[in-house]
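Some notes on the structure that comes next.
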Amino acid sequence: MVSELGQYVPGTSSIHNLDPRVKLLGLLLYGIALLTAPTGIAASLTGAAILPVIILAGLAPAFIWRQLRPLIVFLVIIFILQASFTPGEVVAVVGPVRITREGLDYGLLGLARVFFLVLAAAVLTATTDPLALADGLERLLRPGQRLGLPAAELALMLTLALRFVPTLLEEAERIMRAQVARGATFQGSRIKNLMPLVIPLFVSAFRRAEGLAEAMEARAYQGGKGRTRMRELHFKAADYIFLLLAGLLAAGSAYFRLRFGS
């Protein structure tokens, strides 16, 4: 189902039980490792480090596929553009398109970076409760409050985004089915074909936003000032181990780039 994008999957695995701050920092270090990988093969091998995490989290392959399926066309386009327009040694000619060896490597590099980053983000949202994720982000951003950074507001924005993305996708699917039942068609690329979906979806989104704002005002919401938490975050041994492994992955990728990369 499309509505599973960004959805939290409750569980009791070792990955689910990690501190949300560790998961956020791990995602950051994993992204650094992917972005510093000098070649497509290196990026693919680095990105494969997410596979044991998926296994430990107990996420079904079908669920992972549903997260990545909307990106397949985008990933293919990235690979084709890089392989076709990067100058270098020509290895194949398909009509007017010249595919180069350097283009294949750059295409694999771009594909691996986007694929594994999206996969890691999907694993993060699938194994972390949105409220816990927001608390973790607020704790990480708390030192910036001295410089005027609105940590609580940013955490609230993240929580609302994660909460309402699946809701809006479900709403879009419901509206589409209702409009198709009334004879609407969404085929073709003309903008007017999408109006029966876009306009009701925007109206529904604004109505939900207005209702949420009124509910927050009625409860006298004033940000994170003076707020207490039912669950305090504390690092455990598994958190330190996970963070150490993510740091080693980023450091190893950076060293490999400095030592062997261009």
Side-chain angles (χ1 to χ4, degrees), residues 1-37 42-72 74-75 111-141 155 158-170 229-253:
M1 291 177 58
V2 178
S3 59
E4 290 187 0
L5 183 63
Q7 183 178 1
Y8 169 60
V9 180
T12 59
S13 70
S14 57
I15 303 300
H16 283 79
N17 293 330
L18 288 175
D19 191 291
R21 295 169 294 177
V22 170
K23 297 181 190 179
L24 288 168
L25 292 174
L27 178 62
L28 175 63
L29 292 171
Y30 182 74
I32 292 174
L34 286 173
L35 294 176
T36 54
S44 299
L45 294 176
T46 301
I50 195 67
L51 299 180
V53 177
I54 296 176
I55 295 174
L56 290 174
L59 298 176
F63 174 82
I64 298 298
W65 165 247
R66 286 193 291 268
Q67 306 297 302
L68 299 175
R69 183 172 54 186
L71 295 174
I72 297 300
F74 177 67
L75 294 174
L111 187 149
R113 285 174 174 173
V114 175
F115 176 83
F116 284 112
L117 279 175
V118 173
L119 179 58
V123 173
L124 172 68
T125 56
T127 59
T128 313
D129 182 86
L131 294 178
L133 192 60
D135 285 341
L137 180 62
E138 183 179 352
R139 292 287 294 272
L140 290 175
L141 297 178
L158 172 66
T159 304
L160 295 179
L162 292 176
R163 172 63 183 86
F164 281 102
V165 165
T167 302
L168 289 178
L169 290 175
E170 291 178 359
R229 292 173 176 81
M230 184 175 65
R231 293 180 300 176
E232 291 292 337
L233 300 178
H234 300 286
F235 278 14
K236 301 181 291 294
D239 298 314
Y240 289 108
I241 294 174
F242 185 87
L243 201 56
L244 175 62
L245 293 176
L248 291 175
L249 181 67
S253 179

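Atom CZ of Phe74 sits in a sparse spot, with 12 or fewer heavy atoms from other residues, nucleotides or ligands closer than 6.0 Å.
Counting only heavy atoms from C-beta outward, the side chains of Tyr240 and Asp19 never approach each other to under 4.5 Å. Annotation: side chain of Leu133 is not in contact with side chain of Tyr8 (no heavy-atom distance under 4.5 Å). Contact check for Leu119 versus Phe116: side-chain heavy atoms found under the 4.5 Å cut-off.
Checked against Arg21 for a side chain to side chain contact (heavy atoms under 4.5 Å, CB included), the options Leu137, Leu243, Leu140 give a single hit: Leu140.
In this view, Ser14 satisfies the side chain to side chain donor-acceptor pair (under 3.5 Å) rule with no residue, not counting sequence neighbours. Looking at residues two or more places apart in sequence or on another chain, you find no side chain to side chain donor-acceptor pair (under 3.5 Å) involving Ser44.
Atoms CD1 and CG, on Ile54 and Leu59 in that order, are 7.0 Å from each other to the nearest 0.5 Å.
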Atom pairs and distances, side-chain donor-acceptor, residues 22-35, under 3.5 Å, sequence neighbours left out:
{"residue": "Lys23", "atom": "NZ", "partner": "Ile15", "partner atom": "O", "Å": "2.9"}
{"residue": "Lys23", "atom": "NZ", "partner": "His16", "partner atom": "O", "Å": "3.3"}
{"residue": "Lys23", "atom": "NZ", "partner": "Thr127", "partner atom": "O", "Å": "2.7"}
{"residue": "Lys23", "atom": "NZ", "partner": "Thr128", "partner atom": "OG1", "Å": "3.1"}
{"residue": "Tyr30", "atom": "OH", "partner": "Gly47", "partner atom": "O", "Å": "2.6"}

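A donor-acceptor pair under 3.5 Å is formed between the side chain of Arg113 and the backbone N or O of Ala37. Remark: side-chain polar atoms of Thr46 are paired, donor with acceptor, to backbone N or O of Ala42 under 3.5 angstrom.
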